[in-house]
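Beneath this line is the structure, given in structure tokens, with notes to follow.
Index from 1, following the sequence.
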Amino acid sequence: MARLITRRLLLGRALLAGLVRAATGAGQADAAGRAKGAAATAPAAAATEPARRELLVFAAASLSDALEEVGRAFTAATGVRVAASYAASSVLAKQIEAGAPADAFFSADVAWVDYLEKRGLIRPSSRRDVLRNTLVLIAPADSTLRLRIAPGFDLAGALEGGRLAIADPDSVPAGEYARAALTRLGVWSRVSDRAVRGENVRAALAYVARGEAPLGIVYRTDAQAEKRVRVVDVFPEDSHPPITYALALTARAPPKAAQLVEFLTGDAAQQIFVRYGFTKPPGPQARE
């Protein structure tokens with residue numbers, strides 16, 4: 001699965017260039033040059049959209065490693081290529097609302113799928129709760145810190161004047177889960193002013209991996225993907241809402257996108273996700 005640039009300022013250009021390349025044929029040397037013209041003629045770009053041969057998935061940053069492998073498996077099984085754009089679920093939902101040509105939305109929080117459903121931007125019958133994750137406290141791999149997560153635990157003291165790396169709790173699901181957990185445990189008020197807020201969970205992970213923050217809160221799957229950090233402890237499941245990853249097709253998705261939903265919820269994809277540290281959600285996956 002090809003990765004697209006996920007920075008907010010560049011995402012629009014990357015998506016537009018993808019549309020132009022698909023419309024003019026892979027390998028044409030002037031594809032990048034035509035992207036500029038397409039930006040000035042939005043109707044023309046929209047008219048070429050049906051010619052796209054690949055599906056575009058907007059996915060939470062924490063899914064990047066696993067979804068790359070799942071995407072390759074999907075292409076091998078169906079012959080349909082997949083591209084993915086990774087960022088915070090909130091950012092991606094807003095981009096879909098603004099008209100970004102995503103075919104599927106794979107969110108780390110059901111609330112952002114709800115957000116798009118209320119605006120008529122996804123197909124409700126395609127919704128699936130696909131995965132679960134776990135919230136963990138991490139430190140640099142060479143840290144010797146030992147800390148037990150419990151009500152009132154001394155997280156502020158463990159920081160020793162350093163910063164706590166989390167995703168932005170005002171907009172990013174990973175940060176929202178982190179704040180909810182720390183609030184439930186009675187320690188948020190003591191560390192909120194020490195938080196360094198990443199634009200997504202992978203940004204928070206990077207702060208700790210680079211040694212710029214002595215502690216951070218991320219998903220277990222992120223910690224598993226980064227050898228420069230270690231898990232200090234796991235947050236109790238009842239300290240925060242369930243971390244549920246929801247998938248849905250957008251209202252503009254082509255018929256072939258239904259194959260992607262079936263594949264992502266099937267055994268082959270689930271085995272890959274589990275290997276990356278995700279777990280299956282309890283109960284029925286579909287939401288009618």
Side-chain angles (χ1 to χ4, degrees), residues 1 57-71 73-74 84 86-90 92-93 104-117 122 124 126-138 149 166-167 169 171-185 198 200-202 204-205 216-226 229 231-249 260-288:
M1 183 186 297
V57 182
F58 275 20
S62 52
L63 287 164
S64 59
D65 300 298
L67 196 55
E68 290 296 305
E69 183 173 342
V70 171
F74 172 76
Y86 303 104
S89 300
S90 54
L92 298 173
F105 180 44
F106 205 166
S107 174
D109 184 356
V110 297
W112 284 107
V113 182
D114 293 339
Y115 177 89
L116 293 180
E117 183 173 345
I122 66 162
S126 71
R127 286 190 65 163
R128 302 288 188 277
D129 291 342
V130 183
L131 303 169
R132 284 283 184 90
N133 213 332
T134 304
L135 202 64
V136 298
L137 181 68
I138 60 169
I149 296 175
I166 61 173
S171 60
V172 183
E176 295 172 359
Y177 292 128
R179 179 170 60 188
L182 295 178
T183 300
R184 179 73 178 270
L185 294 167
N200 56 54
V201 70
R202 287 302 175 96
L205 177 70
I217 301 175
V218 299
Y219 300 130
R220 183 194 293 275
T221 52
D222 298 301
Q224 182 174 314
E226 176 56 75
V229 306
V231 174
V232 176
D233 203 4
V234 179
F235 282 87
E237 288 187 4
D238 62 1
S239 67
H240 56 80
I243 302 171
T244 302
Y245 288 71
L247 170 71
L249 297 180
L260 183 62
V261 174
E262 294 307 312
F263 190 85
L264 288 175
T265 56
D267 290 340
Q270 288 292 314
Q271 288 175 15
I272 295 173
F273 284 126
V274 168
R275 186 152 44 78
Y276 280 86
F278 294 95
T279 57
K280 297 180 181 180
Q285 293 181 333
R287 292 189 176 196
E288 301 297 344

One thing to verify: whether R127 and D114 come together as a salt bridge, which I'm taking to mean a side-chain N less than 4.0 angstrom from a carboxylate O.
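Salt bridge flag = yes for R127 with D114.
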Of the non-hydrogen atoms in [X] and [Y], which two are nearest, and what is the gap between them?
| X | Y | answer |
| --- | --- | --- |
| P124 | E117 | CB-OE2, 3.5 Å |
| A61 | Y86 | CA-CB, 4.1 Å |
| I149 | D233 | N-OD2, 2.8 Å |
| I138 | A223 | CG2-CB, 3.8 Å |
| A248 | I122 | CB-CD1, 3.8 Å |
| L205 | V229 | CD1-CG2, 4.0 Å |

Residue from W112, Y245, Y115 passing side-chain contact (heavy atoms from CB on, under 4.5 Å) with S89:
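With S89 as partner, W112, Y245, Y115 yield a single side-chain contact (heavy atoms from CB on, under 4.5 Å), made by W112.
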Of the options D65, L260, I272, which is the one that meets V70 in a side-chain contact (heavy atoms from CB on, under 4.5 Å)?
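Option passing the side-chain contact (heavy atoms from CB on, under 4.5 Å) with V70: I272.
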Side-chain contact, heavy-atom cut-off 4.5 Å: F106 with L92?
no
Within a strict 4.5 Å, meaning less than it, do heavy atoms of the L247 and L131 side chains meet?
no
I'd like to know if the side chain of [X] reaches the main chain of [Y], judged simply by a donor and an acceptor atom lying under 3.5 Å from each other, with no hydrogens or angles considered.
| X | Y | value |
| --- | --- | --- |
| E226 | R202 | no |
| R132 | P242 | no |
| N133 | Y219 | no |

Residues R275, Q224; criterion side-chain contact (heavy atoms from CB on, under 4.5 Å); working and verdict:
CA-CA 10 Å; R275 186 152 44 78; Q224 182 174 314; over 6 Å; no
Let me confirm one number: the NZ-CG distance from K280 to D129, rounded to the nearest 0.5 Å.
14.5 Å
How many angstroms lie between CZ in R128 and CG in L249, if you round to the nearest 0.5 Å?
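Spacing of CZ (R128) from CG (L249) equals 8.5 Å.
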Does L63 form a side-chain contact (heavy atoms from CB on, under 4.5 Å) with T221? I'd like the steps, not just the answer.
CA-CA 8 Å; L63 287 164; T221 52; over 6 Å; no
Hey, can you pull the donor-acceptor pairs under 3.5 Å for the side chains in residues 173-183, sequence neighbours left out?
from: Y177; atom 1: OH; to: A108; atom 2: O; distance (Å): 3.1
from: R179; atom 1: NH1; to: D170; atom 2: OD1; distance (Å): 2.9
from: R179; atom 1: NH2; to: P169; atom 2: O; distance (Å): 2.7
from: T183; atom 1: OG1; to: R179; atom 2: O; distance (Å): 2.7

After noting the C-alpha distance and the side-chain angles of I243 and T134, does the key distance pass the side-chain contact (heavy atoms from CB on, under 4.5 Å) rule?
CA-CA 7 Å; I243 302 171; T134 304; 5.8 Å; no
Please indicate whether D267 has more than 12 foreign heavy atoms, meaning atoms of other residues, nucleotides or ligands, lying under 6.0 Å from its CG.
no
Before you tell me yes or no, could you show the steps for L135 and I217 under side-chain contact (heavy atoms from CB on, under 4.5 Å), namely the whole-Å CA-CA distance, both residues' side-chain angles and the distance that decides it to 0.1 Å?
CA-CA 7 Å; L135 202 64; I217 301 175; 3.6 Å; yes
